[in-house]
Amino acid sequence: MDSLNDLQRQRREKMDKLIDMGINPYAYSFDRTHFADDTIKEFEKTGDETAEVSLAGRLMAIRRMGKAAFVHLMDSTGRIQIYIKKDIVGEEAYSMFKLTDLGDFVGIKGRLFRTRTGEITVQAQHVEMLAKTLRPLPIVKEKLEGDEKLVYDAFADKETRYRQRYIDLVVNPEVKQIFLKRSHIISAMRRYLEGRGYIEVETPVLQPVYGGALARPFVTHHNTLDMSLYLRIADELYLKRLVVGGFDGVFEIAKDFRNEGMDKDHNPEFTMMELYVAFEDYTFMMDLVEQMTSNLCQEVMGSMLLPFGDDMLDFTPPWPRKPYLKAIEEATKYDLSGKSEDEVRAIARSLKLNVDDVKGLGNLLDQIFSEFVEPTLIQPTFITDFPIELSPLAKKHRKHAGLTERFEGFVARMELCNSFSELNDPVDQRERFENQAKLKAQGDEEAMVVDEDYLRSMEYGMPPTAGLGMGIDRLSMILTNSQSIRDVILFPQMRPERNKENN
RNA sequence: GAGGGUGUAGCUCAGCUGGUAGAGCAACGGCCUUUUAAGCCGUGGGCCCUGGGUUCGAGCCCCAGCACCCUCACCA
């Protein structure tokens with residue numbers, strides 16, 4: 001333990017002194033009756049100075065003045081000031097209190113009053129040590145200047161914040177708010193879907209054949225079966241098997257894993273909501289996305305108008321719906337409908353895109369779309385009718401050859417969701433899989449593999465079905481005005497820490 | 001994977017042209033029984049990210065590496 005710095009050593013010494021005084025620095029429980037914010041609100045209403053309150057939390061500010069002190073106690077609801085006076089709490093409790101540090105958990109019992117400066121404060125009758133901290137917490141100081149909150153010495157180092165989220169949460173209240181919002185988003189979404197009668201299910205994370213998306217998987221190994229298993233990249237193929245099995249509406253909210261790059265909107269594991277509804281098509285799903293998302297905005301954020309970066313997003317339905325090729329045409333002036341791969345490649349080149357390594361018509365179109373259309377999609381927008389090459393699980397468009405009945409919802413230049421009228425023709429599906437297999441053979445690592453059991457299930461008959469996948473992390477980013485996915489994932493993926501301290 | 005940036009005390013940051021390592025807050029000691037980012041006086045605290053090199057001498061210059069951030073590429 002010679003790696004301890006002075007601050008840590010001092011805290012250990014204080015803990016030893018507490019033990020010498022017969023005080024257990026780690027209490028077993030504390031009988032609390034109040035939380036900080038309720039206590040303050042209640043007192044504002046009643047002004048009752050006789051009511052007894054009992055609170056527990058961390059010491060976040062200590063102002064000692066000899067035989068008395070003001071401290072701020074923070075619990076899960078907020079902060080409240082405590083006044084601790086030696087004459088009242090007694091000699092013994094006060095000596096214990098002298099051994100407290102910022103960050104320690106204490107329990108307080110007392111009565112409320114208002115100080116000269118007007119702050120509602122607990123006059124402590126009783127103080128109790130509940131848990132000693134051995135490491136110093138970063139001290140963030142704040143001052144209210146009118147409506148503005150000035151923060152001094154903010155704990156801002158992103159690396160430490162992400163690696164040691166527990167500190168971030170204690171010290172930066174707005175961080176906690178974001179994760180409370182995220183939790184609220186998920187529960188409200190679940191309630192919405194259940195309210196429509198859909199059933200939440202769980203499907204395998206470990207899959208012998210991965211599928212349902214174009215992506216590279218993580219591979220793992222099962223010892224007893226002595227076989228490779230893949231961490232799912234999507235829930236899709238299992239959920240559709242359940243539609244075959246007779247579920248009219250199923251959804252799953254779960255982690256998917258993709259072995260690909262990381263950046264401000266990609267984490268290797270991320271949360272996806274997938275939903276499948278029998279006897280419906282993609283137009284139904286557009287309506288549902290619009291309604292569900294705008295409901296979430298209203299319920300969680302209290303508005304359908306939400307700021308994101310420099311933009312103001314308006315989620316009020318209906319959202320514009322624009323066909324994929326039309327969007328490209330508007331952005332580039334080129335009508336690509338019915339064009340061959342060579343023609344599209346030539347056009348891409350004339351648009352100054354480097355497409356030498358891009359294989360296949362679908363990927364060429366995708367390049368053009370990502371480059372010229374996606375960056376313009378700020379307000380919630382549905383892009384519809386994607387090329388068939390990009391959509392191996394979507395049903396052919398009922399009117400337009402070469403296209404599928406698929407849409408993606410874009411918000412703030414990000415793809416938020418992906419949906420289609422599900423391909424339920426097993427003969428067509430087999431051909432699509434085989435095309436994917438060809439791409440894979442040509443070296444496309446993201447191409448799909450043929451899933452024979454999935455094809456078999458479809459041969460038993462799958463009803464017409466509308467399917468949807470929505471990224472929960474991105475939805476959380478958009479609703480909470482977070483510019484990085486790492487700000488809405490509690491423990492984002494990081495490289496292992498170098499072994500500075502061996503614990 | 002490519003380019004740029006950052007890395008100094010528990011936190012936030014200075015550190016000149018290479019010459020013994022600095023501030024505020026926090027901590028410790030003393031005084032202080034209604035204070036509030038911050039009372040007053042005093043004290044301690046550093047593998048300057050790591051490893052090499054240049055130099056009489058490196059926090060600073062050079063080389064290599066590590067971590068994180070930003071942009072780009074791939075993906076949701």
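In this text, all values refer to a predicted model and were calculated from it rather than measured experimentally. Chain identifiers are assigned alphabetically (A, B, ...) following the order of the sequence lines, protein sequences preceding nucleic acid strands; residue numbering begins at 1 within each chain.
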Exercise. In whole Å, what separates the C1' atom of B:C61 from that of B:U54?
Worked result: 8 Å
Problem set entry | P gap between B:U12 and B:G19, integer Å | 27 Å
Problem set entry | Whole-Å distance separating the CZ atom of A:R413 from the C1' atom of B:U71 | 15 Å
Exercise. Backbone N or O of A:E415 within a donor-acceptor pair of the A:R474 side chain at under 3.5 Å?
Worked result: yes
Problem set entry | Minimum-distance nucleotide (side-chain atoms of A:H72 versus B:A26, B:A73, B:U36) | B:U36
Exercise. For RNA chain B, which residues in residues 103-119 of chain A have a heavy atom at a distance below 4.0 Å?
Worked result: A:F113, A:T115, A:R116, A:T117, A:E119
Exercise. Taking the same atom, C1', in B:A73 and in B:C47, what whole-Å distance lies between them?
Worked result: 38 Å
Exercise. Are side-chain N/O atoms of A:T160 and A:R165 paired as donor and acceptor at under 3.5 Å?
Worked result: no
For this session: Using the six-membered ring of A:Y324, assess whether NZ or CZ of A:R406 lies under 6.0 Å from its centre and within 45 degrees of the ring axis.
Result: no
For this session: Write down the partner of B:A64 under the Watson-Crick or G-U wobble criteria, each distance required to be under 3.5 Å.
Result: B:U50
Exercise. Does the side chain of A:E119 reach to within under 4.5 Å of the side chain of A:R114, using non-hydrogen atoms?
Worked result: no
For this session: Determine the Euclidean distance between corresponding P atoms of B:G39 and B:U34; express it in Å to zero decimal places.
Result: 15 Å
Problem set entry | Member of A:R161, A:R486, A:K158 meeting the salt bridge (charged side-chain N to carboxylate O under 4.0 Å, His left out) criterion with A:D168 | A:R161
Exercise. How far, in whole Å, is B:G65 from B:G4 if one measures between their P atoms?
Worked result: 13 Å
Exercise. Salt-bridged, A:E422 to A:K395, with N to O below 4.0 Å?
Worked result: no
Using atom names, set out every protein N or O paired with an N or O of nucleotides 37-43 of chain B below 3.5 Å, distance rounded to 0.1 Å.
{"residue": "B:A37", "atom": "O4'", "partner": "A:E142", "partner atom": "O", "Å": "3.2"}
{"residue": "B:A37", "atom": "O2'", "partner": "A:K141", "partner atom": "NZ", "Å": "3.3"}
{"residue": "B:A38", "atom": "OP1", "partner": "A:K141", "partner atom": "NZ", "Å": "2.4"}

For this session: For B:U20 versus B:A58, give the span between their C1' atoms, rounded off to a whole number of Å.
Result: 13 Å
Exercise. Parallel under 30°, tilted from 30 to 60°, perpendicular over 60°: which one fits the rings of A:Y454 and A:F433?
Worked result: perpendicular
For this session: Between A:S484 and A:E371, name the one whose nearest nucleotide on RNA chain B is closer to the 5' end.
Result: A:S484
Exercise. Within the distance-only criterion (no hydrogens, no angle test), does the side chain of A:Q207 pair as donor or acceptor with the backbone N or O of A:P204 below 3.5 angstrom?
Worked result: yes
When the side chains of residues 50-63 of chain A are checked against the rest of the protein, which donor-acceptor pairs come out under 3.5 Å, sequence neighbours left out?
{"residue": "A:T50", "atom": "OG1", "partner": "A:D48", "partner atom": "OD1", "Å": "2.7"}
{"residue": "A:E52", "atom": "OE2", "partner": "A:R111", "partner atom": "NH2", "Å": "3.2"}
{"residue": "A:S54", "atom": "OG", "partner": "A:D31", "partner atom": "O", "Å": "2.6"}
{"residue": "A:R58", "atom": "NH1", "partner": "A:G103", "partner atom": "O", "Å": "2.9"}
{"residue": "A:R63", "atom": "NH2", "partner": "A:Q81", "partner atom": "OE1", "Å": "2.7"}

Dump the pairs, protein N or O against N or O of nucleotides 45-47 of chain B, anything under 3.5 Å, distances to one decimal.
none

Problem set entry | Exam field: side chain A:K440 to backbone A:A447, donor-acceptor pair closer than 3.5 Å | yes
Exercise. What does A:A69 touch in the nucleic acid at a heavy-atom separation under 4.0 angstrom: a base, only the sugar-phosphate, or nothing?
Worked result: nothing
For this session: Take A:Y238 and A:E236, measure what side chain to side chain contact (heavy atoms under 4.5 Å, CB included) needs, and give me the verdict at the end.
Result: CA-CA 6 Å; A:Y238 282 96; A:E236 173 146 356; over 6 Å; no
Problem set entry | A:K67 side-chain proximity, nearest of B:U33, B:A73, B:G10 | B:U33
For this session: Return yes if a side-chain donor-acceptor contact under 3.5 Å exists between A:R64 and A:T100, otherwise no.
Result: yes
Problem set entry | Worked verdict on A:V106 versus A:F97 for side chain to side chain contact (heavy atoms under 4.5 Å, CB included) | CA-CA 9 Å; A:V106 297; A:F97 168 71; over 6 Å; no
Exercise. Within the side chain of A:R232, is there an N or O that forms a donor-acceptor pair under 3.5 Å with the backbone of A:T203?
Worked result: yes
For this session: Between B:A9 and B:A14, how far apart are the P atoms? Round to whole Å, please.
Result: 12 Å
For this session: In whole angstrom, give the distance that lies between atom CD of A:E159 and atom C1' of B:U12.
Result: 17 Å
For this session: Rounded off to whole Å, could you give me the CG-to-P distance for the A:D157 and B:G10 pair?
Result: 13 Å
Exercise. Taking only residues two or more places apart in sequence or in another chain, which ones pass ring pair (Phe, Tyr, Trp, His ring centres under 6.0 Å) with A:F105?
Worked result: none
For this session: Would you mind classifying the nucleic acid contact of A:K86 as base, sugar-phosphate or nothing, using non-hydrogen atoms under 4.0 angstrom?
Result: nothing
Filtered N/O pairs between nucleotides 74-76 of chain B and protein, under 3.5 Å:
{"residue": "B:C74", "atom": "OP1", "partner": "A:Q367", "partner atom": "NE2", "Å": "2.8"}
{"residue": "B:C74", "atom": "O2'", "partner": "A:E446", "partner atom": "OE2", "Å": "3.1"}
{"residue": "B:C74", "atom": "N4", "partner": "A:D263", "partner atom": "OD2", "Å": "3.0"}
{"residue": "B:C75", "atom": "O2'", "partner": "A:E260", "partner atom": "OE1", "Å": "2.4"}
{"residue": "B:C75", "atom": "O2", "partner": "A:H266", "partner atom": "ND1", "Å": "2.2"}
{"residue": "B:C75", "atom": "O2", "partner": "A:H266", "partner atom": "NE2", "Å": "2.9"}
{"residue": "B:C75", "atom": "N3", "partner": "A:H266", "partner atom": "ND1", "Å": "3.2"}
{"residue": "B:C75", "atom": "N3", "partner": "A:H266", "partner atom": "NE2", "Å": "2.0"}
{"residue": "B:C75", "atom": "N4", "partner": "A:H266", "partner atom": "NE2", "Å": "3.2"}
{"residue": "B:A76", "atom": "O3'", "partner": "A:E415", "partner atom": "OE1", "Å": "2.3"}
{"residue": "B:A76", "atom": "O3'", "partner": "A:R474", "partner atom": "NH1", "Å": "3.2"}
{"residue": "B:A76", "atom": "O2'", "partner": "A:R474", "partner atom": "NH1", "Å": "2.2"}
{"residue": "B:A76", "atom": "O2'", "partner": "A:R474", "partner atom": "NH2", "Å": "2.1"}
{"residue": "B:A76", "atom": "N6", "partner": "A:N267", "partner atom": "O", "Å": "2.5"}

Exercise. Say you pick atom P in B:G7 and the same atom in B:C62; how far apart are they, in whole Å?
Worked result: 15 Å
Seminar exercise, completed: 5'-most contact on RNA chain B (nearest-nucleotide basis), A:V140 vs A:V71, goes to A:V140
